[in-house]
Amino acid sequence: MRVAIHQGPFDALPEVLAGTDADLVVTAEMGTTGYHIGARTHELAEPADGPTAQRLSALARETGVAIAYGYPESDGEHVYNSVQLVDATGRRLANYRKTHLFGDLDKAWFTPGGEAVVQAELGGLRIGLLICYDVEFPELVRAHALAGTELLVVPTALMTPYELVADTLVPARAYESQLFVAYANRCDTERELTYCGRSCVAAPTGEVLARAGSGPELVHADVTREALAASRLENTHLADRRPELYRGTTA
């Protein structure tokens, strides 16, 4: 599978999809509306099958490219920070609600999701979904690896001065849990926040296959089950685990 990360304005997505040879394009956290938007989060929230979902499903179908996009999801009285995966036919495959909320920016406006591992099959790979701060918890990434996730898709809104997460932590997560990670960040400014870019696709070997800079950019990488299998033969972290020793470490 060829994966692309669109690090740039969401309204440029139609042009990006029309011009890419990728099978899947990943966009940033809350890409459809903006992230640091306060009360507008609730004003702009939509159901998972709402007008924005229908528009993006039509766009995927027209271009033949799958999309993973972040958006504010309304469900009854609750609003979630969510990511939805749509295949190249426009079919909605999976919807994940951010489980680890970051500071007042998230906690003031969102309800935390209650499902840790959300997956779908796409392009011969098992895709898992997380959002931003979620990937900073090794337990959550490991849960994905143990559940069979091969490519972990992570829309994010990482701001300066936390470049360490994009540059160091994300490749480490890929290596320690033996999966691919597609980490899609923003590169603009909202209010007092400056997003640092640095989107990447990290391999289970720890190698960064593609890395964006600090400005608008589209980066591509090839992700294959064969490369994952080869890495897991060399790096046996998952096979060598001894869960009986780890009881109580999640308390």
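Hydrogens, waters and symmetry mates play no part in the numbers below; they use all other heavy atoms, side chains included.
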Legend entry - Minimum side-chain heavy-atom gap M30-R186 below 4.5 Å: no

Inset, instruction - From the options N81, L140, I131, select the one residue that forms a side-chain contact (heavy atoms from CB on, under 4.5 Å) with T99. - result: L140

Legend entry - Other residues, nucleotides, ligands: >12 heavy atoms within 6.0 Å of R241 CZ: yes

Inset, instruction - Answer with yes or no whether the hydrophobic clustering places L24 together with L56; edges join I, L, V, M, F, W, Y residues whose side-chain heavy atoms lie under 4.5 Å apart. - result: no

Legend entry - Contact summary for T32 and P72, nearest pair of heavy atoms: OG1-CD, 3.7 Å

All N/O donor-acceptor pairs, side-chain side in residues 226-234, below 3.5 Å, sequence neighbours left out:
| residue | atom | partner | partner atom | Å |
| --- | --- | --- | --- | --- |
| S231 | OG | Q178 | OE1 | 2.7 |
| R232 | NE | Q178 | O | 3.0 |
| R232 | NH2 | Q178 | O | 2.7 |

Legend entry - Cluster overlap M159 with L130, hydrophobic side-chain contacts below 4.5 Å: yes

Legend entry - Donor-acceptor contact present, side-chain E150 to main-chain R126, <3.5 Å: yes

Anything under 3.5 Å between a donor and an acceptor, one on a side chain of residues 63-71, the other on a protein residue two or more places apart or in another chain? List them.
| residue | atom | partner | partner atom | Å |
| --- | --- | --- | --- | --- |
| T63 | OG1 | L59 | O | 2.9 |
| Y69 | OH | Q84 | NE2 | 2.8 |
| Y71 | OH | N95 | OD1 | 2.6 |

Inset, instruction - Search all heavy atoms of T20 against all heavy atoms of A22 and return the closest pair with its distance. - result: OG1-N, 3.0 Å

Legend entry - Partners meeting side-chain hydrogen bond (donor to acceptor under 3.5 Å, both in side chains) with D11 (sequence neighbours left out): none

Legend entry - Main-chain N/O of D49 paired to Q54 side chain as donor or acceptor, under 3.5 Å: yes

Legend entry - Heavy-atom donor-acceptor pair, E176 side chain to R142 backbone, under 3.5 Å: no

Legend entry - Closest approach of E163 to C196 (non-hydrogen atoms, all atoms of both residues): OE2-CB, 3.5 Å

Inset, instruction - Consider only side-chain heavy atoms of I, L, V, M, F, W and Y, link residues closer than 4.5 Å, and tell whether L129 and Y80 are in one cluster. - result: no

Inset, instruction - Output the distance between atom OG1 (T194) and atom CG (L158), rounded to the nearest 0.5 Å. - result: 11.5 Å

Inset, instruction - Measure from the side-chain N and O atoms of R198 to the backbone N and O of R211, and report whether any donor-acceptor pair falls under 3.5 Å. - result: no

Inset, instruction - Could you tell me the separation between the OH atom of Y35 and the CG atom of L193, rounded to the nearest 0.5 Å? - result: 8.0 Å

Legend entry - Side chain proximity check, D21 to H220, heavy atoms < 4.5 angstrom: yes

Legend entry - Minimum heavy-atom distance P216-C187, with the two atoms named: N-SG, 3.4 Å

Inset, instruction - Indicate if V208 and L218 have the same hydrophobic cluster label, given that clusters are the connected sets of ILVMFWY residues with side-chain heavy-atom separations under 4.5 angstrom. - result: no

Inset, instruction - Scan side-chain atoms only and decide if S82 and R97 contain a donor-acceptor pair under the 3.5 Å cut-off. - result: no

Legend entry - Atom CG of D104: over 12 foreign heavy atoms under 6.0 Å: no

Legend entry - Short side-chain to backbone donor-acceptor contact, R173 and V141, under 3.5 Å: no

Inset, instruction - Check whether V219 and F10 end up in the same hydrophobic cluster, where Ile, Leu, Val, Met, Phe, Trp and Tyr are linked by side-chain heavy atoms less than 4.5 Å apart. - result: no

Inset, instruction - Give, for atom OG1 of T205 and atom CG of N235, the distance between the pair rounded to the nearest 0.5 Å. - result: 9.5 Å

Inset, instruction - For the residue pair Y195 and Q7, establish whether any side-chain heavy-atom pair is separated by less than 4.5 Å. - result: no

Inset, instruction - Would you check if D222 and R2 make a side-chain contact, meaning some heavy-atom pair closer than 4.5 Å? - result: yes

Inset, instruction - Rounded to the nearest 0.5 Å, what's the gap from CD on E43 to OG1 on T33? Could you check? - result: 11.0 Å

Donor-acceptor pairs under 3.5 angstrom involving side-chain atoms of residues 107-120: please list them, not counting sequence neighbours.
| residue | atom | partner | partner atom | Å |
| --- | --- | --- | --- | --- |
| T111 | OG1 | H78 | ND1 | 3.1 |
| Q119 | NE2 | A147 | O | 3.2 |
| Q119 | NE2 | T149 | OG1 | 2.8 |

Inset, instruction - Determine whether V181 and L179 make a side-chain contact, defined as any pair of heavy atoms from C-beta on separated by less than 4.5 Å. - result: yes

Legend entry - Any donor-acceptor N/O pair, E29 side chain to C132 backbone, under 3.5 Å: no

Legend entry - Side-chain heavy atoms of V165 within contact of T156, under 4.5 Å: no

Inset, instruction - Answer yes or no: are there more than 12 heavy-atom neighbours, outside E121 itself, under 6.0 Å from its atom CD? - result: yes

Inset, instruction - Return the minimal non-hydrogen interatomic distance between A174 and A203, and the atom names on each side. - result: CB-O, 3.3 Å

Inset, instruction - Using a 4.5 Å cut-off on heavy atoms from C-beta on, say whether the side chain of R92 contacts that of V86. - result: yes

Inset, instruction - Please collect all ring pair (Phe, Tyr, Trp, His ring centres under 6.0 Å) contacts where either partner lies in residues 160-181, sequence neighbours excluded, each pair once. - result: Y175-H237

Inset, instruction - Would you sort out whether V153 and L85 count as a side chain to side chain contact (heavy atoms under 4.5 Å, CB included), showing the intermediate values? - result: CA-CA 9 Å; V153 169; L85 177 65; over 6 Å; no

Inset, instruction - Output yes when a side-chain donor or acceptor of S57 lies under 3.5 Å from a complementary backbone atom of G90, and no otherwise. - result: yes

Inset, instruction - Check whether any side-chain heavy atom of N185 sits under 4.5 Å from a side-chain heavy atom of C200, and report yes or no. - result: no

Inset, instruction - Scan for ring pair (Phe, Tyr, Trp, His ring centres under 6.0 Å) pairs involving residues 116-161, sequence neighbours excluded, and state none if there are none. - result: H100-F137, F102-Y133, Y133-F137

Inset, instruction - Report the distance from atom CG of L164 to atom CD of E136, rounding to the nearest 0.5 Å. - result: 9.0 Å

Inset, instruction - Please name the pair of heavy atoms, one in M1 and one in L122, separated by the smallest distance, quoted to 0.1 Å. - result: CE-O, 3.0 Å

Legend entry - E244 CD: over 12 foreign heavy atoms closer than 6.0 Å: yes

